[in-house]
Amino acid sequence: MNTQANMKLVMTKSPLPANFLHVDYPEVGDTKVMCLKHSPIPKVAKGQLMIRVAYAGVNGPDIAQRKGLYPAPKGASPILGLEVAGEVCALGDEVTQWQLGDKVTALVPGGGYGEYVTTHAAHCLPVPEGWTLAQAAAIPETFFTVWGNLFVRAGLKAGETVLIHGGSGGIGSAATVLAKAFGAKVITTSANSDKSAYCRSLGADLALNYNDDFVGAVMAFTEGKGVELVFDMAGGDFINQNLKVLALDGRMVSVAMQRGAKAQVDIFRLMAKRITWTGSTLRPQSIAAKASIAQELHCKVWPLLNTPCTDNKLVPNIFAQFPLTEVCQAHELMESGAHRGKIVLSLSKS
């Protein structure tokens, strides 16, 4: 489709620039491969909209992509960044649920680390009432991941107990507060006492150091029964530990592999306990699948986010905020594991 024909399908609030600033990485590697670059502004396809980005969240998949371990799917922007918040500045054909100027938070297929990004209109959600754009940018990747895995795939129910590894990170924090909001008991693991204290501040019923005997502590807390569900971001040598703490007919859902992509699994224990083990990655899922998660979040979670309350634990903790020019420092912090909560990039003054 030529540019003239494409523009007939697009409504814009004001003339858009020909080029935009974004993060680039000419080769895979450490943080030093990243730089800033100007490129032609992306085109808006049917069913999509364009967002003038105010803030972008920093996530583990961004680190993996920069290292060459998580390439962008076919057709997605190769630019880093999977979640943003900002203002709708252009509408593609057949987009009726949004208006120019709307403030949205969005899951994007790539391109979040830039002044402008396109995404599917069905993957956008309104900025919750009273939230800053920085807070709003910190929820799509984490909430989509947690809802799609912990609630849809693994079927967490009120009254059940879930063990959440990495409870102090962005994904773990979101899993903790959402599980508590929907009536579950939560046990978390993290690397040290400060992070355990942070997990307790989010509502964790028991916060453990994973360097200690978390299996024994979990079994004592559950009076020998075990947990109904494990939300696992560790993988590797933790898999068999997870099988030990799961109750009969328990479920385990894997969403990351921070301790390794391979494990020697005690298959007999899995069989004897009738354990169901599942998992998923978010980015390669279909447009329709991600739209379905967005609809469920809007229906079931957004009413809780829109409740004005100064101690609302669903409001994400922004641990650090960096301007786009300091993207290397943001990635270094993410890789260090020293953060509690979310890291965001500010593009409002880029």
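We're numbering straight along the sequence, starting at 1.
- Side-chain atoms of Q48 and H123, non-hydrogen and from C-beta on, never get closer than 4.5 Å to each other.
- Within 6.0 Å of the NZ atom in K185, the count of heavy atoms belonging to other residues, nucleotides or ligands does not exceed 12.
- Taken from CD in E87 to CE in M50, the straight-line distance is 13.0 Å, to the nearest 0.5 Å.
- Minimum interatomic distance between C199 and A207 (heavy atoms only, all atoms of both residues): CB-CB, 4.1 Å.
- At least one side-chain heavy atom of F151 sits under 4.5 Å from a side-chain heavy atom of L178.
- The cluster map of Ile, Leu, Val, Met, Phe, Trp and Tyr, joined by side-chain heavy atoms under 4.5 Å apart, puts L243 and L248 in different clusters.
- Taking hydrophobic clusters as Ile, Leu, Val, Met, Phe, Trp and Tyr residues chained together by side-chain heavy-atom distances below 4.5 Å, V146 shares a cluster with V162.
- Residues D205 and A184 share a closest heavy-atom pair of OD2-O, 4.3 Å.
- By the rule that hydrophobic residues join a cluster once side-chain heavy atoms approach within less than 4.5 Å of another member, V315 and L305 end up as members of one cluster.
- Between W302 and H298, the angle of the ring planes lies from 30° to 60°, which puts this pair in the tilted group.
- Dense packing is recorded around NZ of K180, with more than 12 heavy atoms of other residues, nucleotides or ligands lying under 6.0 Å away.
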**OP:** Before giving the answer on salt bridge (charged side-chain N to carboxylate O under 4.0 Å, His left out), spell out for R274 and D249 the whole-Å C-alpha distance, their side-chain angles and the decisive distance to 0.1 Å.
**Re:** CA-CA 5 Å; R274 303 184 298 273; D249 296 308; 2.8 Å; yes
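- Here CG of L345 is found 9.5 Å from OG1 of T325. Values are rounded to the nearest 0.5 Å.
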Sequence neighbours left out, cut at 3.5 Å: what donor-acceptor pairs do the side chains of residues 208-219 make with other protein atoms?
unit_1: N209; atom_1: OD1; unit_2: N211; atom_2: N; d: 2.8
unit_1: N209; atom_1: OD1; unit_2: N211; atom_2: ND2; d: 3.1
unit_1: N209; atom_1: ND2; unit_2: A191; atom_2: O; d: 3.2
unit_1: N211; atom_1: ND2; unit_2: A191; atom_2: O; d: 3.3
unit_1: D213; atom_1: OD1; unit_2: V215; atom_2: N; d: 3.4
unit_1: D213; atom_1: OD1; unit_2: G216; atom_2: N; d: 3.1

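- At a cut-off of 3.5 Å, with distance as the only test, no side-chain donor of Y55 or Q135 sits close to an acceptor on the other residue.
- Placement of I164 and Y198 within a single hydrophobic cluster is found when ILVMFWY residues are connected by side-chain heavy-atom separations under 4.5 Å, directly or transitively.
- Using modelled atom types, one finds a donor on one side chain and an acceptor on the other under 3.5 Å when comparing D62 with Y113.
- Between G47 and V95 the shortest heavy-atom distance is C-CG2, 3.6 Å.
- Going from atom CH2 of W277 over to atom CG of N242 covers 8.5 Å, rounded to the nearest 0.5 Å.
- What you find for T176 and A204 is that their closest heavy atoms are CG2-N, 4.2 Å.
- Judged purely by distance below 3.5 Å, without hydrogens or angles, the side chains of H331 and D30 never pair a donor atom with an acceptor atom.
- Under a hydrophobic-cluster definition in which Ile, Leu, Val, Met, Phe, Trp and Tyr are linked whenever side-chain heavy atoms come within less than 4.5 Å, directly or via other members, W131 and L107 are assigned to the same cluster.
- Residue V104 comes nearest to I51 through the heavy atom pair CG2-CD1, 3.8 Å, listed as atom of the first residue, atom of the second, then distance.
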**OP:** Show your working on salt bridge (charged side-chain N to carboxylate O under 4.0 Å, His left out) between E160 and R251 and close with a plain yes or no.
**Re:** CA-CA 11 Å; E160 292 187 322; R251 294 101 68 201; 2.9 Å; yes
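- Crowding of E223 atom CD: a count of heavy atoms from other residues, nucleotides or ligands under 6.0 Å not exceeding 12.
- Checked against the 6.0 Å centroid threshold, H165 and F238 count as a close aromatic pair.
- Note: W147 and F143 fail the aromatic proximity criterion, with ring centroids not under 6.0 Å apart.
- Using a 4.5 Å heavy-atom threshold, the side chains of L125 and P140 count as separate.
- Here the closest non-hydrogen pair linking E83 and V108 is N-CG2, 3.9 Å.
- With 3.5 Å as the limit, one finds no donor-acceptor pair spanning the side chains of D266 and N240.
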**OP:** Could you check E335 against R66 for salt bridge (charged side-chain N to carboxylate O under 4.0 Å, His left out), going step by step and ending with a plain yes or no?
**Re:** CA-CA 12 Å; E335 290 188 81; R66 190 201 73 225; 2.9 Å; yes
